[in-house]
Amino acid sequence: MLLPRARHRFTATGDSPRHDYELTVSAGIAADAELIPVGELLQAALRPATGLALPVGPAGDIRLAIDGSLSAEAYRLRVTRDGVEIAGGSPAGVFYGCQSLVQLLPPEIHRRARVDGVRWTVPVAEVDDEPRFAWRGTMLDVVRHFMPKHDVMRFIDLMAMHKLNVLHFHLTDDQGWRVEIRKYPRLTEVGGWRHESAIGAEPDAPGDGRPHGGFYTQADLREIVDYAAARFVTVVPEIESPGHVQAALAAYPELGVVDGPFEVWPKWGINPNVLNAEESTVQFFLDVFDEVMDIFPSPFIGVGGDECPREQWAASPRVQQRIRELGLADDSSVQNWFIGRLGERLRERGRRIFAWDEVLEGELADDALVLSWRGMAGAAVAARRGYDVISCPDDVVYLDYRQSDGPDEPIPVSIPVTVRDAYRFNPVPVELDETEARHVLGGQANIWTEYMDSPRTVDFFAFPRLCAIAEVLWSGAGGDEHDFMMRLDEHLRRLDAIGVEYRHDAGPRPWQRRPGIQGRPETRAQREAHIARLLAGLPGA
Ligand code: ACM
């Protein structure tokens, strides 16, 4: 959310200094023991640019408190000329109130060294605010291009500033394996890098001849999890299965259906190489998930489930034999059998499956959380069948899609998704009744990084569309677009001060373009036909 939209009221205009609260050398943050960590984050946010010490302790003119009558993430912010009161239903609510307070200060507050000549004033205000959705997420693909740890933590800061609370961390795929697994070190030794990357979106795109790789140690990941948790962001890991696994096959070819050797895939797209149906392969992945669950306390654990071709299972006498042994109906049941086996282990450890909407095509545990990505069809089908669901329709929140239909968009793929389109996101399918709609826990943006070869490029694709999506997830769909665009204009000054290299409304800057690199743009009709083909196997879609 940018500036609070819903349920708030500014009681005085900010242009009269007498009606402002001003941070001065005597300012301090009052917090009791439970809120000291939140108070210290506020101190850290306010201190560099102002140069003020802002001690956190029993007394101060910025007062943080828990108010048990508020819902957990709700907050009440009161600014008078004498001070600021932030009450939240839990430390998370207080934290969100602090984010709003920071937004009410001049944008220079985001600079990380002292800024002279600015009066650090906050307009007198009353804000009562709470989120519309519990799941306010972003998926970050750190496989197609690795994101170094410190950039991941910067991204978490940006999420928290926008009151987003779930980082869906896409850690494995055909092009790389990014999580250290102690029992199977070759996953990162071999799977952690590829010899080159395709440049462009065409199937025959040339390779760049440059090795690419990187992985997080378990200590790195614990640090990321704790850093995120302090900012009320839950990191939900995703280990892809039973497709999108070629990096694992490169390390351990015995997991595959066909004979190796395999390379960590240097291309983009859907890869035919999938897992076999051996008990030893299930056991391997159970070991992997055990280590993953030791690192990530998230109640949900991503198991993949998207875009898994069945041709190798159909052609393999051994897989056909396993299908008979296991009593499965046919090739199409292998995927959900595999995911079901993983799900049993997750449930033993008190976790729930989190998987892409293809899993609705087979048997699925009742407590699975489904990600509707092929438009909103999966959200409607899942909710009607009683599954909890997260909406992330490709045509609204896929942030790898081009940001306009202009010729300068870098490596343009699929349809244009503008910031205004992103603001029109409605996570709840309109055809659902109230009971069904309660299964929609929220939504998320998905940042696939095939064409984002650096954190700078992620900035360009993510912002400002992620600001629009964050506001919908916090304040609800159907907001006034004109009003949002005006507030966004102000908000971009904050992103400037932080150093976020967002896409400007006028178009990509020269250094944000990729002249001569082929994308794969589609018209809306082409994309709809493509999604309809993908949904052919989903009953009720
Ligand atoms: C996906 O975009 N393959 C989930």
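All ligand and atom numbering here is 1-based and tracks the order in the structure. Note that these values count all heavy atoms, side chains included, but never hydrogens, waters or copies made by symmetry.
- In this view, R345 and D290, E348 satisfy the salt bridge (charged side-chain N to carboxylate O under 4.0 Å, His left out) rule, not counting sequence neighbours.
- Tested against R136, the residues E73, Q444, E471 include a single side-chain hydrogen bond (donor to acceptor under 3.5 Å, both in side chains) partner, E73.
- Polar contact with ligand 1: present for D306 (N/O pair, distance under 3.5 Å).
- At a threshold of 4.5 Å between non-hydrogen side-chain atoms, the residues V142 and F169 count as touching.
- Numbered from 1 in the order shown, with element, the atoms of ligand 1 that lie under 4.0 Å from a heavy atom of E307 read 3 (N).
- In the vicinity of W448, heavy-atom distances shorter than 4.0 Å reach the ligand 1 atoms 1 (C), 2 (O), 4 (C).
- The distance from ligand 1 to the heavy atoms of Y398 drops below 4.0 Å at these ligand atoms: 1 (C), 2 (O), 4 (C).
- In summary, the aromatic rings of Y252 and Y184 are positioned with their centroids under 6.0 Å apart.
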